[in-house]
2 protein chains.
Amino acid sequence: MVTDPMMTASRFSTRPLYLQVRDALAARIATGDWQPGAAIPNEGDLAREFGVSSGTMRKALDLLESERLLTRRQGRGTFVNDQTSDELAERYSNIRAQGGEHISGDFQILDVSEGVANDAECTRLSVREHERVCRVRRLRLCHGKPFMSEHISMPASLFPGLAKRGEFPHRITILAQEFGVLLGKGQERISIDTASPEIAEALRLAPGTPVLMLDRLIHTLDGRPAEWRLGRCHCADKFYLAEFN
Amino acid sequence: MVTDPMMTASRFSTRPLYLQVRDALAARIATGDWQPGAAIPNEGDLAREFGVSSGTMRKALDLLESERLLTRRQGRGTFVNDQTSDELAERYSNIRAQGGEHISGDFQILDVSEGVANDAECTRLSVREHERVCRVRRLRLCHGKPFMSEHISMPASLFPGLAKRGEFPHRITILAQEFGVLLGKGQERISIDTASPEIAEALRLAPGTPVLMLDRLIHTLDGRPAEWRLGRCHCADKFYLAEFN
DNA sequence: AAGTGGTCTAGACCACTCA
DNA sequence: GAGTGGTCTAGACCACTTG
C-alpha cells in the first residue's frame, strides 16, 4: 500500500527513486514512527509497500545502514539503531586514553543558556544574525579530575526548549535522538592553545600550560550545522585519534 | 574471454563473486596492466570478459571507486585514478593553513637509510624482529621555513631498493603507485609534545616549545601497515583537520 | 546517433538464524 | 523448516557526453 505523499510524486521527480525511499524511511526513524532498537519489515514487504523493486529498496536500506541509522543482520532482520548505545554514542568522541580505549568519564555542567547568536556562532553554525542558539559550558572529568573544558553552541531551532530544561544528556547523539535530529558528518580543527587564567583554573593547571584546542562542528544528516564545540583539553596521558580512508 | 586463474576457481569458492572480481581488477591496476589515467573497458564488456552479470561487475566497480582506485563519469567512461594527482596525493595530509587550504610547501630530506626494525617499528608496523625497514628523516617547509620534522619508517619488503635510490617522492601516494602498492585506511594519534633540543634546532624554535606530535600509520588496501610517520609540527598559523562520518 | 554509466525491475538461489 | 538478509542474473530504460 502506498501511503506516503512522497510516493505520489515519485515517478515525476528526477530525484532517483532509491533516494526518495531512503528519505521516507529516514523520516520514519527521525519521527520515532520506528523506535530505536525495533525491527522493521523485511525487504520484500517494504518494497511492496512502496511500490518499488526489491533491488531499489535494498539500495535505500544499504544507504541507511552506511549512515548508521539501521543495522542489518543476515538471517535475523533489519533493526533501527539506538544512537544512545555505547558504540554509536562514541561516534564523535575522538579523545582516547593511553591504551586507545574510549574515556568513560563524567561531566560537570557549568552553565546552560539561550541567546542571540554572536558573530562566531553565526559563522560556524551558518545561522542568521538574529537567530537564537543554545549554549552549554561544561567540564569533562576523568577519575574525578577535569581534563577538558567545553563551550558548546547549537541552533535553538533544532533543539527547541533545551535551555529551559534542567537535564542535559552527555552526548550529542543522545540529544539528537531525543529531538528527532539525524546526525551526519563532523569535522574538527586541532591546534595548540595556551591555557587562559579561566581555563587554567578550571583544569587545575598553571596559566600558560599548552592545551589541545579542539574546534568541532557536527552536521545533521542533510548537512546543516547542528553543534559547534570549542574544547580545551589537557591530555597528558591521552591522545586524539583521527581515522581516515 | 576468461583468462584470470581466479576465475577458474570462482564458482567453487565461498568468497562472493563481486569481491573476487574486485581483487582481479585491483591487481590489474596495481601491476600497471591498466595505467593511471587510462580508460578501462565498459561495464558490459568487462562483465562478459569475466563471465559475470553486469550487476555483479557493477558492484565490483562501485567498490573500487569507493577505494579511490577508479573514477566513473556518466556518459564518458571509467578511468584509473592517478594517485599522483593533487587531489588524491593530499589524501593523508591533514595539516591545513589558516584558511583551510592544503599547504603546498617544499621538503628537505635529511637522511634515508635501511636497517633492521627496532622495537617501536616492530610494534607499529607489525613486522617481525629481523625484518628490514626503510627510514626517511626530513623537514617540511612552508615559505622556506621549516615547520614540521618527520621520521618515517616503511617495511622494506613493500618498497624494495628504496633506500638505495637518490630520489624520494614527496608523498606516500606517489611512492606507493610507483611500487604497485595500493593504499587504504590511515589513522593518526595527535598529542602535545615539547620540542627536544634537536627538534627545536631543526624547526628554529626555543627548546621546550610545545609542538603537535603526529603519530600516523597508513595501511595498504588489504590492511598491512605500509608507513609509520612520527611528525613534530610547529603549527602556529596552521591546524590539523580531522573529518569523520 | 552512438556509446557510456546510472537507475530500476522481477525474479532465483544461497547463507544464516532461530524456534 | 520458515523467515531473514546477501548474492547473482539478464535484461530494460534513462541521463549524460561526445563526435
Side-chain angles (χ1 to χ4, degrees), chain A residues 2 4 6-25 28-29 34 37-81, chain B residues 2 4 6-25 28-29 34 37-81:
Chain A
V2 177
D4 269 86
M6 154 235 127
M7 288 310 299
T8 62
S10 69
R11 301 298 173 166
F12 306 104
S13 164
T14 64
R15 188 167 168 75
L17 244 189
Y18 72 92
L19 290 179
Q20 298 179 48
V21 171
R22 179 201 67 151
D23 292 347
L25 299 181
R28 292 191 183 181
I29 295 170
W34 285 342
I40 70 172
N42 69 47
E43 287 181 17
D45 287 350
L46 281 173
R48 237 164 286 126
E49 184 194 343
F50 280 84
V52 301
S53 77
S54 61
T56 298
M57 181 52 69
R58 186 164 187 76
K59 203 162 173 178
L61 294 170
D62 281 346
L63 241 179
L64 289 165
E65 187 169 37
S66 77
E67 293 168 335
R68 308 193 209 215
L69 297 183
L70 295 177
T71 298
R72 313 166 84 187
R73 282 180 235 163
Q74 190 175 15
R76 303 211 28 212
T78 302
F79 303 84
V80 178
N81 281 345
Chain B
V2 177
D4 270 85
M6 152 235 128
M7 290 311 299
T8 63
S10 68
R11 303 297 174 167
F12 306 103
S13 165
T14 64
R15 188 168 168 75
L17 245 189
Y18 72 91
L19 289 179
Q20 298 180 46
V21 172
R22 180 202 67 153
D23 292 346
L25 300 180
R28 291 190 185 180
I29 295 170
W34 285 341
I40 71 171
N42 68 47
E43 288 180 17
D45 287 351
L46 280 174
R48 238 164 285 125
E49 183 194 346
F50 280 85
V52 301
S53 77
S54 61
T56 297
M57 182 53 68
R58 185 164 187 78
K59 203 162 174 179
L61 294 170
D62 282 345
L63 240 179
L64 289 164
E65 187 170 38
S66 77
E67 293 168 335
R68 309 195 207 212
L69 297 182
L70 295 177
T71 299
R72 312 165 87 190
R73 283 180 233 164
Q74 188 174 17
R76 301 211 31 210
T78 302
F79 303 85
V80 178
N81 281 345

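To find a chain, count down the sequence lines: A is the first, B the second, and so on, and within it residues start at 1.
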Colleague: Please name the pair of heavy atoms, one in A/R72 and one in A/E65, separated by the smallest distance, quoted to 0.1 Å.
Modeller: N-OE2, 3.0 Å
Colleague: Can we say A/D45 and A/R48 salt-bridge, meaning some charged N sits less than 4.0 Å from an Asp/Glu carboxylate O?
Modeller: yes
Colleague: So, does B/E43 use its side chain to make a donor-acceptor pair with the main chain of B/M57 at under 3.5 Å?
Modeller: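 No; zero donor-acceptor contacts below 3.5 Å.
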Colleague: Going by heavy atoms closer than 4.0 Å, what residues in residues 37-46 of chain B are next to DNA chain D?
Modeller: none
Colleague: Closest approach of A/L25 and A/W34, non-hydrogen atoms and distance?
Modeller: CD2-CH2, 3.6 Å
Colleague: So which heavy atom on A/F79 is nearest to which on A/G37, and how close?
Modeller: CD2-O, 3.9 Å
Colleague: Quickly work out the B/R73 CZ to C/dG6 P distance and round it to whole Å.
Modeller: 12 Å
Colleague: Counting just side-chain N and O atoms, does B/T78 come under 4.0 Å of either OP1 or OP2 of C/dG5?
Modeller: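 Answer yes for this pair, as a side-chain N or O of B/T78 is under 4.0 Å from OP1 or OP2.
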Colleague: Is the phosphate of D/dT7 approached by B/Y18 (side-chain N or O, under 4.0 Å from OP1 or OP2)?
Modeller: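 Yes, because at least one side-chain N or O of B/Y18 sits under 4.0 Å from OP1 or OP2 of D/dT7.
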Colleague: Identify the pairs formed between an N or O of the protein and an N or O of nucleotides 15-17 of chain D at a distance under 3.5 Å, and give each distance.
Modeller:
| residue | atom | partner | partner atom | Å |
| --- | --- | --- | --- | --- |
| D/dA15 | N3 | B/Q74 | NE2 | 3.1 |

Colleague: Going by heavy atoms closer than 4.0 Å, what residues in residues 55-72 of chain A are next to DNA chain D?
Modeller: A/R58, A/R72
Colleague: Write down the atom of A/L70, the atom of A/V80, and the distance for their closest heavy-atom approach.
Modeller: CD2-CA, 4.0 Å
